[in-house]
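These notes are about the structure you will find just below.
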Amino acid sequence: MKFQSIRGFKDILPGEIEAVQRLERAARSVFESFGFSEIRIPMLEVTELFARGIGAATDIVEKEMYTFEDRDGKKITLRPEGTAPVVRAYIEHQLSQKAPVAKLYYLGPMFRHERPQAGRFRQFYQVGVEALGTDRPAMDVEVLAMLMAVLQRVGVTEVRLELNSLGDSACRPHYRKTLKAYFKTHLAELCEDCRRRYETNPMRILDCKKEGCRAVAAKAPSPLDHLCADCLAHFQQVKDGLNRLKIPFVVNERLVRGLDYYTRTAFEVTTTKLGAQNAVAAGGRYDGLVEELGGPPTPAIGFAMGVERIATLMERIATPTPDVFFALLGEEALRQLLPAIVRLRGLGVRIEMDYSGGGLKKQMGLSDKLGARYTLIVGENELKSGKAILRNMSDKSQAELPLSELDQSLPELFKKP
Ligand code: HAM
């Protein structure tokens with residue numbers, strides 16, 4: 001029997017993982033400089049959290065969740081996103097008491113049973129942030145600045161920030177009515193999904209990708225023309241703030257997110273380099289979600305970055321190679337050198353060796369293949385003289401190195417910046 005990974009679930013191998021690691025490091029460093037702290041949320045939550053949080057009529061909740069009963073008969077779901085779990089944790093641990101604004105970030109896998117294709121997986125990784133406790137437009141600007149800073153840090157600069165405002169509980173119901181009245185006269189031109197959305201979530205019709213729906217949506221009333229004075233002022237201040245920071249953006253009035261919790265600011269960062277799955281990060285404000293999930297009224301904003309998609313856009317980073325390959329000839333050499341190897345590794349020297357007991361030629365071949373910078377050769381003669389041979393693998397020069405000085409000379413030679 002030959003096993004294969006499940007469709008939509010993939011291994012991230014050495015050679016691919018380095019970009020992911022760099023992205024995660026850059027994100028941590030940028031987020032922490034903005035005063036955000038990491039939160040680790042569980043992979044599983046009760047299903048109701050997502051149904052309520054993301055919205056029962058969304059694609060995610062209707063068709064994409066990995067939901068099952070555990071052995072106690074409880075209905076649980078593998079998290080399809082991180083916002084609802086973070087809000088659950090915020091309420092459960094009363095994080096509002098600890099600081100006026102809870103600034104949290106998270107990294108990890110999410111699960112959605114979507115149709116797999118290039119850039120779309122059923123298990124994928126997100127790096128996300130959530131700032132809970134303020135509705136000030138300055139926070140929207142900070143969060144966006146932070147997102148763009150991470151992308152810049154990893155060299156992903158050919159992207160477009162698209163921005164919209166979806167209104168709030170004061171103006172959205174009125175806009176929804178206007179929108180429904182418009183779509184009512186075009187129902188026959190809409191796809192089957194959108195005819196259903198007309199009843200459940202008419203704003204989603206605005207960003208349907210199907211030709212017919214796009215033509216109808218293009219002439220639909222814009223959410224921006226229906227914002228109340230407060231939402232309009234908020235949106236203006238977000239745009240002003242971005243301009244002051246010289247962060248380029250385009251307003252996209254058709255941008256509607258696939259999760260129901262958004263209010264006011266909604267955004268997506270897209271690229272033209274990935275084909276259909278062009279969103280590398282997305283997010284927005286969700287001023288009503290904490291209350292919806294049983295907490296005190298708490299405005300909040302956040303985003304999540306698609307790790308695989310961003311890693312694809314990054315330059316490939318080489319897998320780390322050994323600093324030095326220890327070519328040990330014979331059991332005695334291995335026995336005597338092993339303590340030094342362990343000590344040196346503890347000092348940060350990357351050491352590789354041969355585990356099959358091969359001869360010098362084979363070991364030199366392996367050292368070459370692994371890309372070691374140096375090979376340290378120790379056989380019977382070297383043990384006797386107390387001096388190893390250190391071979392520079394690029395210029396093939398060799399020098400003697402007293403075995404008693406390995407602890408000093410090797411860490412010095414391979415000092416990392
Ligand atoms: P989302 O738009 O569903 O938002 O996902 C954010 C990003 O995750 C997407 O832009 C994309 O890069 C990546 N992504 C989503 N689905 C897949 C997939 N199947 N395969 C690969 N990558 C994928 C959220 O999840 C919100 N929780 C973001 C947020 C945080 N809003 C406020 N706070």
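Read the numbers this way: they start at 1 and go in the same order the structure lists the ligands and their atoms. The figures here come from the full heavy-atom set of this structure, side chains too, leaving out hydrogens, waters and symmetry mates.
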Report task. Give the numbers and elements of all ligand 1 atoms closer than 4.0 Å to a heavy atom of E81. Result -> 25 (O), 26 (C), 27 (N)
Report task. Using a strict cut-off of 4.0 Å, indicate which atoms of ligand 1 neighbour a heavy atom of F124. Result -> 14 (N), 15 (C), 16 (N), 17 (C), 18 (C), 19 (N), 20 (N), 21 (C), 22 (N), 23 (C)
Query - Atoms of ligand 1 close to L259 [distance to a heavy atom under 4.0 angstrom, numbered from 1] - result: 3 (O), 4 (O)
Query raised in the report: How many angstroms lie between atom CZ of R40 and atom OH of Y105, to the nearest 0.5 angstrom?
Result: 8.5 Å
Report task. Quick one: look at E130 and ligand 1, take heavy-atom pairs under 4.0 Å, and tell me if it's side chain, backbone, both or neither. Result -> side chain
**Report entry** ligand 1 versus V280: contacting region, heavy-atom distance under 4.0 Å
**Finding:** backbone
Report task. Could you list the atoms of ligand 1 found under 4.0 angstrom from a heavy atom of G283? Result -> 31 (N)
Query raised in the report: In Å and rounded to the nearest 0.5 Å, what is the CD to CG distance from Q363 to L329?
Result: 5.5 Å
Report summary line: among protein heavy atoms, the one nearest atom 20 (N) of ligand 1 is F121 N, 3.0 Å
**Report entry** Inter- and intrachain pairs under salt bridge (charged side-chain N to carboxylate O under 4.0 Å, His left out), touching residues 249-260, at least two apart
**Finding:** R257-E268
Query raised in the report: Is it the side chain, the backbone, both or neither of P80 that has a heavy atom closer than 4.0 Å to ligand 1?
Result: neither
**Report entry** 4.5 Å side-chain heavy-atom contact, V280 and L274
**Finding:** yes
Query raised in the report: Closest non-hydrogen protein atom to atom 26 (C) of ligand 1, residue and atom name please, with distance?
Result: Y261 OH, 3.4 Å
**Report entry** From A282, A84, G8, A279 - option closest to atom 12 (O) of ligand 1 by heavy atom
**Finding:** A279
**Report entry** For L406 against L344, the heavy-atom pair lying closest together
**Finding:** O-CD2, 3.6 Å
Query - Proximity flag G258 to ligand 1, non-hydrogen atoms under 4.0 Å - result: no
Requested in this report: Determine, step by step, whether D287 and R285 satisfy the salt bridge (Lys or Arg N to Asp or Glu O under 4.0 Å) criterion, reporting the C-alpha distance in whole Å, the side-chain angles of both residues, the deciding distance to 0.1 Å, and the verdict.
Outcome: CA-CA 6 Å; D287 291 343; R285 236 180 210 291; 2.8 Å; yes
Query raised in the report: Between R120 and ligand 1, which residue portion shows a heavy-atom distance shorter than 4.0 Å: side chain, backbone, both, or neither?
Result: both
Query raised in the report: Among the heavy atoms of E308, does any lie under 4.0 Å from an atom of ligand 1?
Result: no
Query raised in the report: If you measure from each non-hydrogen atom of F303 to ligand 1, which part falls under 4.0 Å: side chain, backbone, both or neither?
Result: backbone
Query raised in the report: Does an N or O anywhere in M305 fall below 3.5 Å from an N or O of ligand 1?
Result: no
**Report entry** Protein heavy-atom partner closest to atom 5 (O) of ligand 1 - residue, atom, separation in Å
**Finding:** Q126 NE2, 3.2 Å
Exercise answer: donor-acceptor pairs, residues 206-213 side-chain atoms, under 3.5 Å, sequence neighbours excluded:
from: D207; atom 1: OD2; to: R204; atom 2: NH1; distance (Å): 3.4
from: K209; atom 1: NZ; to: D207; atom 2: O; distance (Å): 3.2

Query - E38 versus R28, closest heavy-atom pair with distance - result: OE1-NH1, 2.5 Å
Query raised in the report: Are side-chain heavy atoms of M148 and P248 found at a separation under 4.5 Å?
Result: no
Query - Under-4.0 Å heavy-atom contact with ligand 1, by part of R257 that carries it - result: side chain
Query raised in the report: Rounded to the nearest 0.5 Å, how far apart are CZ of R197 and SG of C191?
Result: 6.0 Å
Report task. Name the closest protein heavy atom to atom 13 (C) of ligand 1, giving the residue it belongs to and the distance to 0.1 Å. Result -> G306 CA, 3.6 Å
Query raised in the report: Among Y125, F111, Y262, F267, which one has a heavy atom closest to atom 28 (C) of ligand 1?
Result: Y262
**Report entry** Polar atom proximity, E114 to ligand 1 (N or O, under 3.5 Å)
**Finding:** yes
